[in-house]
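To start, the structure under review is shown below, and the notes come after it.
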Amino acid sequence: MSTPLTPNGPMSGSVGGQQRILSFAIKDKAALYAAFMPFIRNGGLFIPTTKRYQLGDEIFLLLQLMEEPDRIPVAGKVIWVTPPGAEGNRAVGVGVQFSEQDKGVARRKIEEYLVGLLTSERPTHTM
């Protein structure tokens, strides 16, 4: 079962506290759509990974979108964990909420690529 971090739930706040650097490249719109978490404040991405993260872990993400030459540096924290064996054959990984530090740069860039797809009802890695 996937475990989202809820603002008022028992898992709110910084649980893990570790900071890690994670490099993530998305090469096509379908993969970006499946990974994007627009329902999260400041936006976020689901990152398929078998590395163990805990809710609240601080992440520094180096995000490469499509064929862009430069990576987008994004600070964030783990707010979602999908463990091995999750219901519905879900991909194993973590959801990272973007911090306010980048002032929405990563979210806007992702939304530019997904214009017209954000209202789709196709399933994603998280919903």
Side-chain angles (χ1 to χ4, degrees):
M1 178 168 130
S2 299
T3 308
L5 179 67
T6 57
N8 300 317
M11 296 183 162
S12 64
S14 181
V15 176
Q18 294 188 68
Q19 181 167 25
R20 299 185 186 175
I21 297 174
L22 189 59
S23 184
F24 187 52
I26 298 180
K27 301 290 185 191
D28 61 60
K29 285 185 183 183
L32 183 59
Y33 173 82
F36 187 45
M37 300 169 71
F39 50 87
I40 300 296
R41 187 179 73 234
N42 302 325
L45 283 174
F46 178 85
I47 301 171
T49 181
T50 56
K51 291 183 182 177
R52 296 182 79 88
Y53 290 93
Q54 303 218 2
L55 294 173
D57 282 351
E58 298 289 326
I59 300 288
F60 186 76
L61 185 61
L62 294 171
L63 178 62
Q64 184 174 13
L65 294 175
M66 310 305 175
E67 300 301 321
E68 293 195 17
D70 298 324
R71 294 181 181 183
I72 303 168
V74 186
K77 71 178 176 181
V78 174
I79 60 160
W80 184 288
V81 176
T82 303
E87 293 177 30
N89 255 356
R90 293 243 179 230
V92 174
V94 294
V96 176
Q97 178 184 24
F98 302 152
S99 80
E100 295 178 7
Q101 291 177 350
D102 83 337
K103 297 177 176 42
V105 171
R107 182 183 185 121
R108 281 192 302 276
K109 182 68 87 172
I110 290 168
E111 288 175 343
E112 286 173 17
Y113 278 110
L114 297 179
V115 167
L117 293 176
L118 290 175
T119 56
S120 173
E121 293 187 19
R122 292 187 323 202
T124 67
H125 289 303
T126 55
M127 296 292 200

Inset, instruction - Among Ile79, Val81, Val78, find the residue that satisfies the side chain to side chain contact (heavy atoms under 4.5 Å, CB included) test when tested with Asp57. - result: Val78
Legend entry - For the student: nearest non-hydrogen atoms of Arg107 and Ile40, plus distance: NH1-O, 3.2 Å
Inset, instruction - Looking only at non-hydrogen atoms, find the nearest pair between Thr82 and Ala86 and report the distance. - result: CG2-CB, 3.5 Å
Applying side-chain contact (heavy atoms from CB on, under 4.5 Å), name anything that partners [X], two or more places apart in sequence or on another chain.
X      : result
Glu100 : Arg41, Asn42
Val92  : Pro84
Lys51  : Thr49, Tyr53

Could you pull out all donor-acceptor pairs under 3.5 Å where a side-chain atom in residues 59-74 meets a protein atom, sequence neighbours excluded?
unit_1: Gln64; atom_1: NE2; unit_2: Glu68; atom_2: O; d: 3.1
unit_1: Glu68; atom_1: OE2; unit_2: Tyr113; atom_2: OH; d: 2.6
unit_1: Arg71; atom_1: NH1; unit_2: Ser23; atom_2: OG; d: 3.0

Does some side-chain heavy atom of [Y] sit less than 4.5 Å from a side-chain heavy atom of [X]?
X     : Y     : answer
Leu45 : Phe98 : yes
Val96 : Phe24 : no
Trp80 : Gln97 : no

Inset, instruction - Report the distance from atom CD1 of Ile110 to atom CE of Met37, rounding to the nearest 0.5 Å. - result: 11.5 Å
